Amino acid sequence: MPELAEVEFYRRRWWAAGARQTVNAAEANSRSRVYRSLAREFPGGVRVLAKTLTGAKLADSATHGKQMWFVFKTPHQTKQFLWLGVHLGMTGSMHAEPVDYLAQKHDALILSLARRTLVFNDPRQFGRVRAWRGPMGERPPWLQNLPNEILSRGFTAEFVSKVLQRHARAPLKAVLLNQKYFPGIGNWMADEILWRAALHPALPSGRAADLPTAKKLHAAIQKVAHDALCVIAGVGGKLPPDLNVHIPDTWLFNHRWEDGGLCPKTKKPLRRAEIGGRTTCWSPARQKLLN
DNA sequence: CACGATGTTCCCTG
DNA sequence: CCAGGGAACATCGT
C-alpha cells in the first residue's frame, strides 16, 4: 500500500504509540526476506539487532519518501544510537497493538513496550529492514545523499524540467516513479498527478520538458503530495485510526481501480492499460497524447 | 485456475 | 557508461 502518505501514516502510528518509550523485548523473524540485506550492513545481523533494540528507548523518527526510520537511544552507551530503517515494499504495514498481542504469520518485527506492542508485518516481503549504530549527528550510509523531498524548497520546476529532458524518451509515468528524483511517488500518486496536470502518462518526457509544462507538473506533484499527507496521514491534525479514510470523489483515486470508471472532471470514461510497467489509469478526454 | 497487486533491483539490449 | 524495458522476488485475494 505504501507511498508517501501511507508511509508517513505508519510512521506516525508507531511514533504515537512508542515515542520516548523503552523496548522491553524485541522479536525479529529472521526467516523474513525483509532482512535480506541486514547482515551486510549491520554486524551480527538479526540476532544482534533484536538484542540491541531490547532496553533501547525510541528517541526520534522521520520519513523521506518511501523510507522511514526510528532512532533509539541505547543504554550503557550514552553516545551511541541505533537507527532502524523500514521500507514497506508492496505489502508492508505497521501497527500498534495491545500488550497481549499474539504474533501473526508475516510479522517481521515485534517490539514490546510497556503499554503497546509495535508490529511490522509484510506478507510479500518486498519490504526491507536496515539498521546502523553510531553517534547522534552522524547518519547511516543509506540516509546520506538523499534527493530533495518533493515538498521541500529545493524541489523546483527547473529540476523537474531537467529530469524530463534527461529521460526524454521514457514515458512520463515511468519517470515519475523513479525514486531518485521523486521520492515517495508511487503508482496511484503518479496517476493522480498526471491526471491533475492533464498530461498523458505515455507522453515521452522530453515533450513535457519545456518550463511551462514542467511547472504545471511540478505544481500537481506538490498539490497531490500535500493533500495526500493531510487526508491519509492526518498531517496538521489528528492521526486517522486506519487507512480507510474518506478520499474525495473529486480525486482520480476513487475511480482508478477498475475498468468502467468515469473521469470526475470530464465525466467521460477512464482508460486503464500498462504504461511504464505498471497498471495506469487516465482520462483520454483530458490527457491527450498529441497536442 | 489464472491473473494482478500503492515496489525495487538486477539483467539484458541498443 | 547510459537509457530503457522486462523479469524476478513471494504471497494473497478476486
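Nothing here was measured: the structure is a model prediction, and the numbers come from that model.
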Sugar-phosphate, base or nothing in reach of A:Pro204, heavy atoms under 4.0 Å: nothing
Selected nucleotide, minimal atom distance to A:His167 side chain, candidates C:dG5, C:dA3, C:dT11: C:dA3
Watson-Crick or G-U wobble mate for C:dG4, both contacts under 3.5 Å: B:dC12
Donor-acceptor side-chain pairing of A:Arg11 and A:Ser61 below 3.5 angstrom: yes
A:Lys105 side-chain proximity, nearest of C:dT11, C:dC12, B:dT9: C:dC12
Rounded distance in Å - CZ (A:Arg33) to C1' (B:dT9): 9 Å
Protein-nucleotide distance (A:His87, atom NE2; C:dA10, atom P), rounded to Å: 17 Å
Separation of C:dC12 P from A:Gln125 CD (nearest whole Å): 9 Å
Whether A:Phe126 stacks on the six-membered ring of C:dC9 base, 5.5 Å and 30° limits: yes
Between C:dA10 (C1') and A:Asp122 (CG): distance, integer Å: 9 Å
A:Tyr181 versus A:His167, side-chain donor and acceptor atoms under 3.5 Å: yes
Shortest side-chain distance from A:Arg166, nucleotide among C:dT11, B:dT9, C:dA3: C:dA3
Separation of atom CG in A:Asp259 from atom C1' in C:dT14, rounded to whole Å: 14 Å
Distance between P atoms of C:dC12 and B:dT9 (Å, rounded): 24 Å
Minimum-distance nucleotide to A:Asn187 side chain [options: C:dT11, B:dG7, C:dG4]: B:dG7
Side-chain N,O (A:Thr279) to OP1/OP2 (B:dA5) below 4.0 Å: yes
Options C:dC9, B:dT8, C:dT11, nucleotide nearest the side-chain atoms of A:Gln179: B:dT8
Sidechain N-carboxylate O distance under 4.0 Å for A:Asp60, A:Lys73: no
Value in whole Å for how far the P atom of C:dC9 lies from CZ of A:Arg128: 16 Å
Pi-cation contact, A:Trp83 with A:Arg130 (under 6.0 Å, within 45°): no
Spacing of the C1' atoms in C:dC9 and B:dC1 (rounded, Å): 22 Å
Polar side chain donor-acceptor pair, A:Arg47 to A:Ser30, under 3.5 angstrom: no
Separation of atom CZ in A:Arg124 from atom P in C:dA8, rounded to whole Å: 14 Å
Touch class at under 4.0 angstrom, heavy-atom based, for A:Ala168 against every strand present: sugar-phosphate
Rounded interatomic separation in angstrom, taking CG from A:Leu177 and P from C:dG4: 14 Å
